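Quick caveat, the model's predicted, so the values are computed rather than measured.
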Amino acid sequence: MKSRVGSQGSLEEGKDSVTKVNVIPMVQSRFQPCFQQLSLESWIRPPSSLLHSMNDTQLFWRASIVPQIKEYPFNRTRKIAFMFLTRGPIPLAPLWERFFKGNELYSIYIHSLPSYRPDFPPSSVFHGRQIPSQEAKWGRMSMCDAERRLLANALLDISNEWFILLSEACIPLHNFKAIYHYISKSRYSFMGAADEPGPFGRGRYNPNMVPEVNITEWRKGSQWFEVNRKLAVDIVKDDVYYPKFEQFCRPPCYVDEHYFPTMLTIESPRLLANRTLTWVDWSRGGAHPATFGKADINDQFFKRISESSICVYNNQPTSLCYLFARKFAPSALGPLLEHSTKFLGF
């Protein structure tokens with residue numbers, strides 16, 4: 001019996017020792033699962049700052065990414081991107097401030113000389129709206145590069161549906177609501193694209209552009225345009241026509257008058273109204289249109305613009321052909337502000 005009891009005691013002690021050997025202390029790990037929760041908002045939220053470190057190749061690639069499903073899975077607010085191509089200051093900014101006041105369906109982008117540092121106050125609609133820029137020379141491909149850069153930066157905001165190119169010498173001829181309605185209800189984009197037979201039209205064509213561009217497809221139009229989102233992407237992503245125009249359209253072939261009108265006429269002719277929305281006066285002759293100052297701002301001047309032509313809007317004739325006008329000198333700002341309600345409707 002004793003040996004049995006002792007045997008049992010030894011067995012129990014053995015169990016305890018085995019149990020003690022196999023106990024593994026539970027230590028809580030200091031490492032936590034690391035993951036970023038993606039949401040739709042993270043994909044559609046516009047950039048918090050227009051300044052970035054992308055070069056043009058990276059920017060154009062990013063801007064050309066297009067959803068393959070046409071229906072948006074969220075309520076999309078459609079805005080107009082107002083793109084200002086300038087050398088430096090925008091002297092008529094106070095007039096534009098008044099134009100934008102009380103409205104929200106817009107975005108602003110400024111391309112200036114890279115050395116220019118704007119000083120718009122934080123309360124200004126132009127504050128912080130300058131994009132990374134490069135020097136652009138009139139009549140050279142660098143001008144089209146600047147316009148593509150504006151389009152690409154504006155495309156990063158998925159809310160932008162229409163894109164208008166303006167200069168620092170442009171003014172709006174109507175109030176914001178009228179312009180928004182006109183553009184948003186149009187079936188077409190407003191890119192001038194005329195087939196001109198003379199020396200300033202077909203005469204600038206270079207046969208080396210075949211086969212991408214034939215002379216029968218060669219077009220000329222105003223530099224100042226309005227395009228929808230599809231055409232904006234087409235311009236930004238183009239690598240077919242760009243090399244031809246860069247190499248074979250140089251002064252006296254002015255590429256900013258031919259590249260976009262020709263390319264879009266070939267690719268999407270049924271989307272173009274074949275006219276510009278920006279009025280200019282070429283009646284004085286020369287390489288540049290007339291400039292208007294303080295003395296020109298009167299009833300007769302704006303009546304002349306409104307009655308200057310009859311055009312087509314959504315396949316119907318109309319006398320409302322222009323939404324913007326240029327070129328206005330800084331001296332025109334005072335009378336424009338003083339009579340903006342009378343002449344411009346805001």
Side-chain angles (χ1 to χ4, degrees), residues 79-87 89-110 120-121 123-126 129 162-186 190 192 222-226 273 275-284 286 288-314 316-346:
K79 299 187 297 186
I80 298 177
F82 291 82
M83 309 179 303
F84 290 85
L85 181 59
T86 78
R87 294 186 59 81
I90 303 179
L92 303 173
L95 183 69
W96 284 100
E97 296 270 7
R98 184 175 294 182
F99 168 78
F100 288 119
K101 186 176 181 180
N103 299 287
E104 298 179 347
L105 302 178
Y106 69 89
S107 302
I108 295 174
Y109 302 85
I110 304 170
F120 296 108
S123 60
S124 171
V125 295
F126 294 100
R129 304 311 298 176
W162 304 281
F163 305 78
I164 301 172
L165 183 67
L166 303 160
S167 79
E168 73 274 16
C170 285
I171 67 167
L173 293 175
H174 307 277
N175 61 49
F176 182 89
K177 291 182 179 179
I179 288 178
Y180 185 90
H181 182 271
Y182 194 97
I183 291 175
S184 65
K185 298 300 180 182
S186 175
F190 296 91
S222 169
Q223 176 184 7
W224 313 104
F225 61 77
E226 179 275 327
R275 66 179 178 90
T276 181
L277 293 176
T278 302
W279 180 88
V280 293
D281 181 7
W282 291 98
S283 63
R284 301 179 189 179
H288 301 282
T291 299
F292 305 101
K294 180 178 181 180
D296 297 296
I297 309 304
N298 52 48
D299 291 274
Q300 291 74 23
F301 176 77
F302 287 98
K303 184 178 180 181
R304 175 187 164 200
I305 296 177
S306 64
E307 297 178 353
S308 60
S309 65
I310 297 295
C311 58
V312 176
Y313 176 78
N314 286 342
Q316 298 295 323
T318 179
S319 59
L320 180 54
C321 301
Y322 299 107
L323 304 185
F324 310 95
R326 67 184 301 268
K327 299 172 57 175
F328 290 84
S331 64
L333 178 61
L336 284 171
L337 287 173
E338 183 179 355
H339 302 291
S340 67
T341 302
K342 178 181 179 182
F343 295 145
L344 310 175
F346 61 89

- [ ] Specify the closest pair of heavy atoms between Arg275 and Leu277, including all atoms of both residues, with the distance to one decimal.
- [x] NH1-CD2, 4.0 Å

- [ ] Go through the steps for Asn103 and Tyr180 under the test side-chain contact (heavy atoms from CB on, under 4.5 Å), then give the verdict.
- [x] CA-CA 10 Å; Asn103 299 287; Tyr180 185 90; over 6 Å; no

Open item on the list: Less than 6.0 angstrom separating the ring centers of Trp96 and Phe84, yes or no?
Closed with: yes

- [ ] Kindly indicate, with the supporting measurements, whether the criterion side-chain contact (heavy atoms from CB on, under 4.5 Å) is fulfilled by Thr318 and Cys311.
- [x] CA-CA 5 Å; Thr318 179; Cys311 58; 3.6 Å; yes

Open item on the list: Let me confirm one number: the CD-CZ distance from Glu97 to Phe126, rounded to the nearest 0.5 Å.
Closed with: 6.0 Å

Open item on the list: Working to the nearest 0.5 angstrom, can you tell me the gap between Ser340 OG and Arg98 CZ?
Closed with: 4.0 Å

Open item on the list: I'd like to check Leu323 versus Glu226 (side-chain heavy atoms, cut-off strictly below 4.5 Å). Are they in contact?
Closed with: no

Task: Side chains of Phe302 and Leu173 in contact at under 4.5 Å (non-hydrogen atoms) - done: yes

Task: Distance in Å, Ile110 CD1 paired with Glu168 CD, rounded so as to fall on 0.5 Å steps - done: 10.5 Å

Task: Close side-chain approach of Phe99 to Leu344, heavy-atom, < 4.5 Å - done: no

- [ ] Find the distance between CH2 (Trp162) and CZ (Phe190) and round it off to the nearest 0.5 Å.
- [x] 12.0 Å

Task: Student check: side-chain heavy atoms of Leu333 and Pro91 closer than 4.5 Å - done: no

Open item on the list: On a heavy-atom basis, which atom in Ser331 and which in Gly293 lie closest, and how many Å separate them?
Closed with: OG-CA, 3.5 Å

- [ ] Check whether the ring centres of Tyr313 and Tyr182 lie less than 6.0 Å apart, and answer yes or no.
- [x] yes

Open item on the list: Taking the side chain as everything from C-beta on, heavy atoms only, tell me whether Glu307 gets closer than 4.5 Å to Ile305.
Closed with: no

- [ ] Taking all non-hydrogen atoms of both residues into account, name the closest pair between Lys79 and Glu104 and its distance.
- [x] CD-O, 4.1 Å

TODO: Would you please test His181 and Ile183 for side-chain contact (heavy atoms from CB on, under 4.5 Å) and show each step?
DONE: CA-CA 6 Å; His181 182 271; Ile183 291 175; over 6 Å; no

Task: Atom pair CD1/CG of Ile171 and Leu95 - distance to nearest 0.5 Å - done: 6.5 Å

Open item on the list: I'd like to know if the side chain of His174 and the backbone of Tyr322 have a donor-acceptor N/O pair within less than 3.5 Å.
Closed with: yes

TODO: Might you work through the side-chain contact (heavy atoms from CB on, under 4.5 Å) test for Ile297 and Glu338, ending with a clear yes or no?
DONE: CA-CA 10 Å; Ile297 309 304; Glu338 183 179 355; over 6 Å; no

TODO: Side-chain contact test, heavy atoms from C-beta onward, threshold under 4.5 Å: evaluate it for Trp279 versus Arg304 and give yes or no.
DONE: yes

Open item on the list: Parallel, tilted or perpendicular: which one describes the rings of Phe328 and Phe292, with boundaries at 30° and 60°?
Closed with: tilted

- [ ] First locate atom OG of Ser184, then atom CD1 of Ile80, and finally report the distance between them rounded to the nearest 0.5 Å.
- [x] 7.0 Å

Open item on the list: Could you check whether any side-chain heavy atom of Arg326 comes within less than 4.5 Å of a side-chain heavy atom of Pro289, counting everything from C-beta outward?
Closed with: yes

TODO: May I ask you to test the Phe324-Trp224 pair for a side-chain heavy-atom distance under 4.5 Å?
DONE: no

